[in-house]
Protein chains: 2
Amino acid sequence: MGITERKEREREEMRKLILDGAQKLFLANGYDKVSIRNIADEIEYSPATIYLYYKDKNELLYALHQRGFVKMVQEFQPLLLLTDPFEKLVEMGRAYIRFAVENPELFDLMFIMMAPMDTLDKEDWMEGDQAFGLLTQVVQECIDAGIFQKHNVQATAMMIWSGIHGYTALYLRKRLGMLPECDRESIMDDAFNLFCETLRHGL
Amino acid sequence: MGITERKEREREEMRKLILDGAQKLFLANGYDKVSIRNIADEIEYSPATIYLYYKDKNELLYALHQRGFVKMVQEFQPLLLLTDPFEKLVEMGRAYIRFAVENPELFDLMFIMMAPMDTLDKEDWMEGDQAFGLLTQVVQECIDAGIFQKHNVQATAMMIWSGIHGYTALYLRKRLGMLPECDRESIMDDAFNLFCETLRHGL
DNA sequence: AAATATAATAAACACTGTTTAGTAAACAAG
DNA sequence: CTTGTTTACTAAACAGTGTTTATTATATTT
């Protein structure tokens with residue numbers, strides 16, 4: 001009875017076809033400029049068909065958010081090989097910011113938009129947990145190396161993530177208008193380095 | 001010729017009527033659950049009338065975002081009287097977080113949503129500039145008091161704002177799902193205090 | 001009193017996410 | 001091979017959305 005298995009495979013292929021189409025349009029035009037009808041046109045199916053494979057638009061966004069985490073964790077892999085734990089931490093910060101600038105729509109889905117989170121009924125958020133795990137590991141290494149004091153690892157990681165995330169989110173959401181255009185970039189560079197130095201000498 | 005002045009006054013009253021209606025509905029139900037038609041019903045005018053006073057929905061959101069800043073700056077006033085500059089800074093951080101928790105929709109409009117920013121063609125953002133000015137002042141006081149080193153004030157302020165903003169935004173956008181429910185609050189408390197201590201001893 | 005300018009709206013336009021009812025193809029049973 | 005049934009898909013509809021246009025009623029000016 002290989003027939004149910006083929007059906008399952010075909011279903012999975014269809015889900016991928018839909019998600020690929022959605023990804024292409026979303027990342028090119030932004031979330032709120034792409035409709036279910038646009039996606040349906042892209043993959044040459046009727047809009048109603050999409051609802052046979054995904055509960056609603058939010059579930060589609062959640063699936064894309066998952067792909068975003070796969071991509072991000074991939075991009076983090078190489079710098080996990082760095083030997084100096086503090087350098088590793090700083091480079092993770094840079095990688096986070098770079099990922100956001102290069103993939104603003106994905107970043108939005110992963111860390112800013114409410115919509116994809118509305119699908120999880122509980123509060124697990126596996127993807128976030130995995131990514132946060134990478135950070136806590138590096139923070140733990142910094143503590144073990146005597147670079148950071150022995151505070152709660154999770155609280156320390158949370159504090160660092162907040163700093164980098166705020167920096168990134170304010171930039172992406174165009175909230176830097178009060179910094180004079182000409183030296184905005186240098187001020188932001190200074191702010192990043194200041195954060196790193198402060199962690200280095202004050203934690 | 002007091003007639004043009006009355007007309008101008010009536011126009012301003014109508015703008016207020018619309019904005020009050022919009023505010024009431026937006027703050028109660030959230031931005032994307034309130035339509036122009038809802039607002040029109042609330043104030044007992046036709047939807048088209050709203051467009052005679054506001055260019056589009058984004059302009060309405062921008063006007064509300066402005067009101068948010070008035071409210072926030074008001075709430076900041078009392079703690080600007082504190083004498084210890086570092087204590088002042090910490091309390092400003094707490095006030096920022098408190099404001100966000102108590103007025104999530106307003107905070108959204110002010111610091112997270114893209115829509116209200118789309119109305120400003122240039123990149124001035126007066127409201128943000130004024131609020132950021134309050135922060136830079138306090139940071140300057142910390143530098144003058146020898147609590148902080150003599151780094152660039154704007155970069156220092158930006159770094160601090162990033163930390164507090166990231167903390168707040170991650171909470172509001174439900175990105176703390178990886179912290180165990182039971183001790184999430186204490187971890188976040190620790191993270192805030194850790195940030196303050198780190199600034200205190202490392203900046 | 002007639003002509004003009006202003007304020008407000010009903011109705012339409014071009015969309016949106018989602019659901020329902022119905023059809024054509026694939027499969028299972030006799 | 002023909003039934004009956006399940007599955008995959010879609011056209012059409014529902015109930016909205018932001019926004020514009022053509023029209024009417026009122027207010028102001030000549």
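Keep in mind that what you see is a predicted model, and the values were worked out from it rather than measured. Proteins get letters first, then strands, A, B, ... in listed order; numbering begins at 1 in each.
- Side-chain N/O atoms of B:R37 and base N/O atoms of D:dG18 include a donor-acceptor pair closer than 3.5 Å.
- Side-chain N/O atoms of B:Y45 include none lying less than 4.0 angstrom from OP1 or OP2 on C:dA7.
- Whole-Å rounding puts the B:K57 NZ to C:dT16 C1' distance at 12 Å.
- Spacing between atom CD1 of B:I18 and atom P of D:dG18 amounts to 14 Å, rounded to whole angstrom units.
- Between B:D189 and B:R184 there is no salt bridge, since none of the side-chain N atoms of the basic residue sits less than 4.0 Å from a carboxylate O of the acidic one.
- Following rounding to the nearest Å, B:L60 (CG) and D:dT17 (P) show an atom-to-atom distance of 15 Å.
- Here D:dG18 presents its C1' atom at 11 Å from CD1 of B:I50, a figure rounded to the nearest Å.
- Between B:T49 and the phosphate of C:dA8, there is no side-chain N or O to OP1/OP2 separation shorter than 4.0 Å.
- Out of C:dT20, C:dT18, D:dT20, the shortest distance to the side chain of B:Y51 is found at D:dT20.
- For C:dC15, the OP1/OP2 oxygens have no side-chain nitrogen or oxygen of A:N38 closer than 4.0 Å.
- The side chain to side chain contact (heavy atoms under 4.5 Å, CB included) test applied to A:V73 returns A:Q77, A:Q130, A:L134, not counting sequence neighbours.
- C:dT19 atom C1' lies 13 Å from atom CD1 of A:I36, rounded to whole Å.
- Comparing A:S35 and A:K55 by the nucleotide of DNA chain C whose heavy atom lies nearest to each, the residue mapping closer to the 5' end is A:S35.
- A straight line from OH of A:Y54 to C1' of C:dG17 spans 17 Å, rounded to a whole angstrom.
- Side-chain nitrogen and oxygen atoms of B:Y53 include at least one within less than 4.0 Å of the OP1 or OP2 phosphate oxygen of C:dA8.
- Applying the 4.0 Å criterion to OP1 and OP2 of D:dC9, one finds that A:S46 has every side-chain N and O outside that range.
- A cation-pi arrangement is found for B:R200 relative to B:F86, the charged atom lying closer than 6.0 Å to the ring centre and inside a 45° cone about the ring normal.
- With respect to A:E12 and A:R15, a salt bridge is recorded, a charged nitrogen being found less than 4.0 Å from a carboxylate O.
- Residue A:L61 contributes atom CG, which lies 10 Å from atom P of C:dG17 at whole-angstrom precision.
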